[in-house]
Amino acid sequence: MLESKLKKIDNELKFIFYPSNNYSDISSNAPIIISKKMKVSIDTSFEMIKNKLLEKSDTELQTFNNEKTSTEHNHRNLYKYIEKAWLQNGFLNINVSDNFIISGLNNVLDDSFLEVEKKGLNVNLEYVSANPTGPLHYGNSRSVYGDSLARVLRFLGYDVLTEYYINDAGAQTITLAHSVFEEYKKISLSNKDELKNYTDLNPNKGLEILYKGQYIIDIAQKIFKNDGDIWLSKDYIEHFKKIAIYDVLQIIKKDLLSVGIEHQSWVTESSVQEKAIEAIEILRSKGLVYEGILDEKKSSKGKEYKQKLQIFASKKLGDDEDRALTKHDGARTYFANDIGYFYDKIQRKFDWLIVILGADHDSYAKRLSYAVKSLEDVKLTIKTCQMVTFKSGEEVIKLSKRSGNALSLRETVNNIGKDIFRFSMLSKNLDSHLSIDIDKIKEFSTNNPFFYIQHAYGRIASSLKNFTYSKENLYKEENNLNDDKDKVNCKTNGTSGSEIIKESILLDELGGEINSIDDFTNSMKQMSKTILEWRRIIESLSRNLEVHRISIYLNKIAENFHVLWTEGKENESSKFLHSNERLKLILCARKIIRKSLDLLGIEAYEEF
RNA sequence: GCGCUCUUAGCUCAGCUGGAUAGAGCGACGGCCUUCUAAGCCGUAGGUCGUAGGUUCGAACCCUACAGAGCGUGCCA
């Protein structure tokens, strides 16, 4: 009876293990919710829940709880561990016995805490997809978010394919060809009079603003070197486009690599032309495509066209306006081809499509999602990221791609270092408008939270090393060194290279799993709870995709560690060297920190 | 005009799908090192969470209006 009623209010109930507010070990709003729904006093509902919890195992508790706490922590038979349950401000608070926490820590030590079952779900994660018209600039800085998201989702058991969509079919690529030709002309016609008298074959030339930059000159020189001046009298567009896009993509790939990004799949706009035709027919069959003329005031700036167009009736679906699928010259719009691209994704049978767009495309997200949802009811998440502005002191650095003087992504990264760069980009919500003082994050100093975390990791390594020095036989173990996650790098004095021992051997040497902790101080408990909180935070990322929470978490666990360290400064017996329990605890922390950094795509340094 | 995002400490930002006393770093001030990395720890000062209403047992978070900032508002991509 009670259970069936409880199940109905399932989604309002929350049981939070190791809540960050530190009121208790487990906190729940159950008394408030149940008293309201069952029309009993809060005291009565609290007593009911308490009795229920104490008399049985927590299998009920799990059924009430939306979050899959079962994987987060081994808390079967929770009732055995309940030490104290009380009501405060309408909340149920539970304190658990040390053994409960210890069993959680042991799950970390045996790595089961870090294991996740495969979900059997395919995710297509598209991000960056910048036009191939030039090197990436700092405006693309947030692209590391997509990379980290891929790592997180993979960890959580999804099969993720990362993808980059190349717009190789639009007007901008023609502009690119013109831009290269402009330089090609200068190279081919070194004589100034010749240059002056040369008339371009292409009639549309000069209407657009050309791209500039060294890369344009490089491409022009390459073409001249191969072909000489033959293109002066030929239709160069297709050839120049092809070469330029290819070369620019090589640059972009290098740019991405400089921040640690490597897409698995590259799809071109030109390859999804057929899909676009198919997809539009599907939309037409659903009454969402018609031939007509768009509102005059909505038509292209300063131009009036009278040709009928194919139009997507997105207004029907909630958009502000209907959207053109073809242009006056009959060619498909970018939007139409994008529909084709997404139709292609749908046919490739992904369970979840994720797209990360720049802020300048966020109005686009709406119409795209209407089109995709009309094709098929696929799970689609479009995230837009707000812009990053960089400043140096008070001076804001301007972004201008076509003038050729935009600060490039690679320059920016090389300036401040890949890991720090990634960390600062991954510490903030994608929705927030970021303003980064380039002088500050460049500073290789204490001011940077990045070092705070790395320093904690380094100190842990140092502490474990000191322990291993005291155990000669650890060095004698020769083991397979293939498993990266299991290594403890130990640089020994004077010997060549580094000696490596396995964490599992280290753990054996420490006496294996934790049985009990004699002096379980508050700071140790705090550290333990932070460690055990990790799983809940990571799992929440598949819902909110907010990778930056890892960075925030790292800061917290690092802080907990530094406190422990300082205790050792103040009290000899609190030194790690003198406490196997403390060493095991920081071994847990080490695993968690390393895994977290790994999810961010940042290297964990043992020394620096 | 309209759409999206944002507005939290002097500055840069967190705030866990509404929860109990709003947090961190930097900056300011004051303590703590004869060896486990002071790249650290502890403390002090600093906030009517843009403004005004509403919903709720409960709001920084949801709704409405208003004010500011950024981005968009093409038959560009």
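Everything numeric here is computed off the predicted structure, so don't read it as measured data. Proteins come first, then strands; the chains are lettered A, B, ... in the order of their sequence lines, and each starts at number 1. Keep in mind that the numbers below use all heavy atoms, side chains included, and drop hydrogens, waters and symmetry copies.
Using a cutoff of 4.0 Å between basic side-chain nitrogens and carboxylate oxygens, A/Arg590 and A/Glu606 are scored as salt-bridged.
Residue A/Glu559 is the one, among A/Asp360 and A/Glu559, whose nearest nucleotide of RNA chain B lies closer to the 5' end (criterion: closest heavy atom).
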Kindly give the atom pairs (protein nitrogen or oxygen, nucleotide nitrogen or oxygen) under 3.5 Å for nucleotides 19-22 of chain B.
residue: B/rA20; atom: O2'; partner: A/Tyr23; partner atom: OH; Å: 2.7
residue: B/rA20; atom: O2'; partner: A/Asn89; partner atom: ND2; Å: 3.0
residue: B/rA20; atom: N7; partner: A/Asn21; partner atom: ND2; Å: 3.2
residue: B/rA20; atom: N6; partner: A/Ser27; partner atom: OG; Å: 2.8
residue: B/rA20; atom: N6; partner: A/Asn93; partner atom: OD1; Å: 3.3
residue: B/rA20; atom: N1; partner: A/Asn93; partner atom: OD1; Å: 3.2
residue: B/rA20; atom: N1; partner: A/Asn93; partner atom: ND2; Å: 3.0

Polar atoms only, N or O, under 3.5 Å: list the protein pairs with nucleotides 13-15 of chain B and their distances.
residue: B/rC13; atom: OP1; partner: A/His433; partner atom: O; Å: 3.1
residue: B/rC13; atom: OP1; partner: A/Ser435; partner atom: N; Å: 2.4
residue: B/rA14; atom: OP1; partner: A/Asn429; partner atom: N; Å: 2.6
residue: B/rA14; atom: OP1; partner: A/Ser432; partner atom: OG; Å: 3.0
residue: B/rG15; atom: OP1; partner: A/His548; partner atom: NE2; Å: 2.9

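Only the C1' atoms considered, B/rG31 is 48 Å distant from B/rC71, to the nearest whole Å. Comparing the same atom, C1', in B/rA67 and in B/rC26 gives a spacing of 30 Å after rounding to whole Å. B/rU8 and B/rC33 have their C1' atoms separated by 37 Å, with the value rounded to a whole Å. B/rU35 and B/rC16 are spaced 41 Å apart, taking the C1' atom of each and rounding to whole Å. When the C1' atom is used for both B/rC4 and B/rA45, the distance is 39 Å, rounded to whole Å. To the nearest whole angstrom, the two C1' atoms, one in B/rA28 and one in B/rU21, are 25 Å apart. Taking atom P in both B/rG1 and B/rG25, the straight-line distance is 42 Å, to the nearest Å.
With no hydrogens or angles considered, no side-chain donor-acceptor pair links A/Ser24 and A/Ser27 at under 3.5 Å. Looking at A/Gln310 and A/Arg332, their side chains never bring a donor and an acceptor atom within 3.5 Å of each other.
The phosphate of B/rC41 has OP1 or OP2 within less than 4.0 Å of a side-chain N or O from A/Tyr452. Regarding contacts with the backbone of B/rG40, every side-chain N or O of A/Lys569 stays at 4.0 angstrom or more from both OP1 and OP2. Note on A/Ser462: a side-chain N or O is less than 4.0 Å away from OP1 or OP2 of B/rU37.
Using a 4.5 Å cut-off on side-chain heavy atoms (C-beta onward), A/Asn167 and A/Gln172 make no contact. Between A/Lys241 and A/Ile174 there is a side-chain heavy-atom pair separated by less than 4.5 Å.
A centroid separation of less than 6.0 Å is found between the aromatic rings of A/Tyr341 and A/Tyr165.
Using bins of under 30°, 30° to 60° and over 60° for the plane-to-plane angle, the ring pair A/His548/A/Tyr145 lands in the tilted bin.
Considering only side-chain atoms of A/Lys366, the nucleotide from B/rA77, B/rG70, B/rG3 that sits closest is B/rG3. Nearest nucleotide to the side chain of A/Met387, out of B/rG25, B/rC71, B/rC75: B/rC71.
Secondary structure note: stems in RNA chain B built from 3 or more consecutive Watson-Crick or G-U wobble pairs under 3.5 Å occupy B:1-7 with B:67-73, B:10-13 with B:23-26, B:28-32 with B:40-44, B:50-54 with B:62-66.
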Show the atom names and distances, to 0.1 Å, of all donor-acceptor pairs under 3.5 Å that link a side chain in residues 355-368 of chain A to residues at least two apart or in another chain.
residue: A/Tyr364; atom: OH; partner: A/Asp338; partner atom: OD2; Å: 2.7

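You won't find any donor-acceptor pair under 3.5 Å spanning the side chain of A/Ser363 and the base of B/rC4, going by distance alone. Remark: the A/Gln172 side chain and the B/rC76 base include a donor-acceptor N/O pair separated by less than 3.5 Å.
Listed by chain and residue number, nothing satisfies the salt bridge (charged side-chain N to carboxylate O under 4.0 Å, His left out) test with A/Lys428 (two or more places apart in sequence, or in another chain). Under the salt bridge (charged side-chain N to carboxylate O under 4.0 Å, His left out) criterion, A/Lys383 pairs with no residue at all, not counting sequence neighbours.
In plain terms, the two heavy atoms of A/Phe576 and A/Ile586 that are nearest each other are CE2-CG2, 3.4 Å. Closest heavy-atom contact between A/Ala169 and A/Gln273: CB-NE2, 4.1 Å.
Rounded to an integer number of Å, the gap from A/Phe335 CZ to B/rU73 P is 15 Å.
Nucleic acid contact for A/Gly170: sugar-phosphate only, since backbone atoms but no base atoms lie under 4.0 Å from a heavy atom of the residue.
With its glycosidic angle within 90° of 0, B/rC33 adopts the syn conformation.
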